[in-house]
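Scroll down for the structure; my scribbles are underneath it.
Atom set for the values below is all heavy atoms of this structure, side chains included, hydrogens, waters and symmetry mates excluded. Lettering follows sequence order; numbering is per chain, from 1.
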Amino acid sequence: MNLSEITAGLNQRQLESVTLDISHNSLILAGAGSGKTRVLTHRIAYLVTQKDIHTDAILAVTFTNKAALEMRERLGVLLRRPIQSMWVGTFHGLAHRLLRTHYDKANLSSAFQILDAQDQFRIVKRLMKENNIDEAKFPVRKIQWFINQQKDEGLRAQDIDAGYNYFIKKGIEVFSLYEAHCRANDLIDFAELLVRSYELLKNNPELLEHYQKRFKHILVDEFQDTNTVQYKWINLLFNNNNKVFCVGDDDQSIYGWRGAKIENITKLETDFSPIQTIRLEQNYRSTGNILAASNTLIANNSNRMGKSLWTSSGDGDLIDVYEARTERDEADYVVSTIQKIINDGSAANECAILYRSNAQSRVFEEVLIKYNIPYVIYGGLRFFERAEIKDALCYLRLMENSSDNVAFERVVNFPTRGIGNATIEKVREFARDNHTSLYQAAVQITPNLPTRAANALSGFTQLIEKMSDDAKHFELSEKVAYLLKESGLVNHYSNDKTDKAGSKKDNLEELIAAAKQYNHEDDSEMNEVVGFISLASLDSSGDTNAPANQNVQLMTIHSAKGLEFPYVFIGGMEEDLFPSRQSKDEPHLMDEERRLCYVGMTRAMKKLSLSYAIKRFLHGQSLYAYPSRFLDEIPSEYLNKIKQKFGATQKNYRDDDIFNQDIAPESSGQLSIGVTVKHAKFGYGSVLNFEGEGDSARIQIKFKTAGTKWLIASYANLEFV
DNA sequence: ACAATAGGGATTTTT
DNA sequence: TCCCTATTGT
């Protein structure tokens, strides 16, 4: 294969990146929409076809299954050969592969199970209860969060110094209990996959050496999202005879709150020195105005590596900024605008509505329904995270391995079969005292129980035994179909009154389809059932439903990362919502909010529209808000500020005239700079400045105690003193 | 054992 | 407001 096939269609910088000297480490700082994945895939193709690097000598890591899959597909096409054995995958997926291959050296049994966030929560909660730790003082969520945070840093309970912090002290206590529990039960949570595989390599020098020698080229996507363990993992595999090729964008780091270390990208320059760096700054996605606005916004951040996107396409439209009165008004505006776009001949799926938090989706959803525009909301529960799917998988797990305690706990009395808490507690106690599995304990204590409980419990254990015997030689999908019936799950969900649409039953059907589609070849380290169950944990998307076809797309900005849409609407551009309230006191958190805003804006190809509501109903109450500071940070030359609703929609959709009834316009005409005013909440202050007139006039006031603020005159209810 | 109700909490979530 | 959990009543 000749070079031109690999380099066709690349621009100068991309070409340089792909063909960088392979005897050096490389860092590609790739801005939004600059062709980052393209560079990474073509680089691999270049290594394989031009530099005779064997595909087995390549390790390519991404963050999402989607990205990994996409890379595999593109590579297959570029190389024109199957690549199934290649190590291309997510950090978690590859770590999992290592642990399955070398489970004995990682102090695991071959049957170890992966805990997802829900399972982990349940276990932490149970442990806290058993040890009389007050959940009111130490919320389970916070403790779980604490444990994961430590693991993301590569720390274990014994490595942490609590100092005088009582919460951390308790956190460490629960962490230790949790660690012991997981070790005893062969359980691995997401963070543990990484920590454990790191330790596996670290503690087994011959193994480490083997992989260091094998992986001559290590390629990492989205490097700004790596956390401390992931960084250490890469660093460990690196031995200076192999080379790294990292792609990332510090401006798009939005997972700091989950342990991602934006600094890792800078650390590359010292830890992997010498490293060749190339910046990809030509953007192929957005118009000039959108890019210019995004550039100016992000320039407000400190500690950037520095990068400025440009485009050869024209300025395009200005960015619309709509001031809505309420979140309903905002949704009306956004959806009516989308209606116009559709009427003008665009497809609904060219439009995306993005927001900071999921709670904002509901109003948009309501209005979209009213307009009869099809939509999909991304986020929320994924396929394999749904309760009914997890129930079914737990039966599968018990059939495969009856000593799976997590699975036992979940389905022992589901569907309900008369096994109460008291009985289960006895089973737990027996298991604890005799160091046996819950299932074994149940079998053994049954004779000693009151008849009613004994019958119920033996009903369950015999069911599991029968099911695993019957299905022993079934195909995977037959096993699933069989278990759904036999366990009573299908029956239970068929009679479920709360599930009117029958979607839970449909999901169970879908699980059979997923089992049919499962391709076992890729995971030959495991048997088929274990492989399928692991996939369910590691790739919760299920990917079976929700195609974007002809639907307006609704999602958080976080989940929009990596995507692009011709028309993008970002709602809720308000202080305390975006940027989030919880981030406003910490400069580094505020910077991450700004990056998030940058990510959102740079999703737009043709047209970007921002909006904010002056009054928003959130968490059961109405709140007044100020426009987001991010709006002020964008020069107005790129903006088209709109304060009026569309005439057409006003008639149709202002059926409930909520806007005016509880807002008393205040116009005392005595307004001038220097005047003293009184505000109900902020107290006394003096007017520094004002702008605009009528309802939308804004006044800047310096309060004696509350600081300086811009207030909307008509809502501030100011008293002139 | 389970259904009905009251109380508390509430970003973002690649795996 | 909505959702999840803990408690109460049958």
Looking across every strand, which nucleic acid part, if any, lies under 4.0 Å from [X] by heavy atom: base, sugar-phosphate, or nothing?
| X | value |
| --- | --- |
| A:Asp116 | nothing |
| A:Ile419 | sugar-phosphate |
| A:Lys125 | sugar-phosphate |
| A:Ser537 | nothing |
| A:Arg581 | nothing |
| A:Tyr255 | base |
| A:Thr556 | sugar-phosphate |
| A:Glu135 | sugar-phosphate |

Between [options], spot the one nearest the side chain of [X], thanks.
| X | options | value |
| --- | --- | --- |
| A:Arg382 | C:dT1, B:dC2, B:dT14 | B:dT14 |
| A:Arg356 | B:dT12, C:dT1, B:dT15 | B:dT12 |
| A:Ser357 | B:dT12, B:dT15, B:dT13 | B:dT12 |
| A:Asn413 | B:dT13, B:dC2, B:dT15 | B:dC2 |

Does [X] make a side-chain N or O approach to OP1 or OP2 of [N] shorter than 4.0 Å?
| X | N | answer |
| --- | --- | --- |
| A:Asn227 | B:dT14 | no |
| A:Thr90 | B:dT14 | no |
| A:Asn65 | B:dT15 | yes |
| A:Thr416 | B:dC2 | yes |

Whole angstrom is fine here: how far is it from [atom1] in [X] over to [atom2] in [N]?
| X | N | atom1 | atom2 | result |
| --- | --- | --- | --- | --- |
| A:Ile557 | B:dT11 | CD1 | P | 16 Å |
| A:Gln144 | C:dC4 | CD | P | 15 Å |
| A:Asp539 | B:dT13 | CG | C1' | 15 Å |
| A:Leu618 | B:dT12 | CG | C1' | 14 Å |

5' priority, DNA chain B, between A:Gln582 and A:Phe190 [closest heavy atom]: A:Gln582
Stacking of A:Phe617 on C:dT1 base (centres under 5.5 Å, planes under 30°): no
Donor + acceptor pair across side chains of A:Tyr612, A:Glu575 (<3.5 Å): no
Heavy-atom closest pair, residues A:Gly248 and A:Gln224: CA-OE1, 3.3 Å
Neighbour count above 12 (heavy atom, 6.0 Å) for A:Lys142 NZ: no
More than 12 heavy atoms of other groups within 6.0 Å of A:Asn421 CG: no
Polar side-chain contact A:Arg258-B:dT15 base: donor and acceptor under 3.5 Å: yes
Spacing of the P atoms in C:dC4 and B:dT13 (rounded, Å): 15 Å
Name of the residue among A:Ile123, A:Asp134, A:Val140 meeting side-chain contact (heavy atoms from CB on, under 4.5 Å) with A:Met128: A:Val140
A:Phe384 six-ring face occupied by A:Lys390 cation (under 6.0 Å, within 45°): no
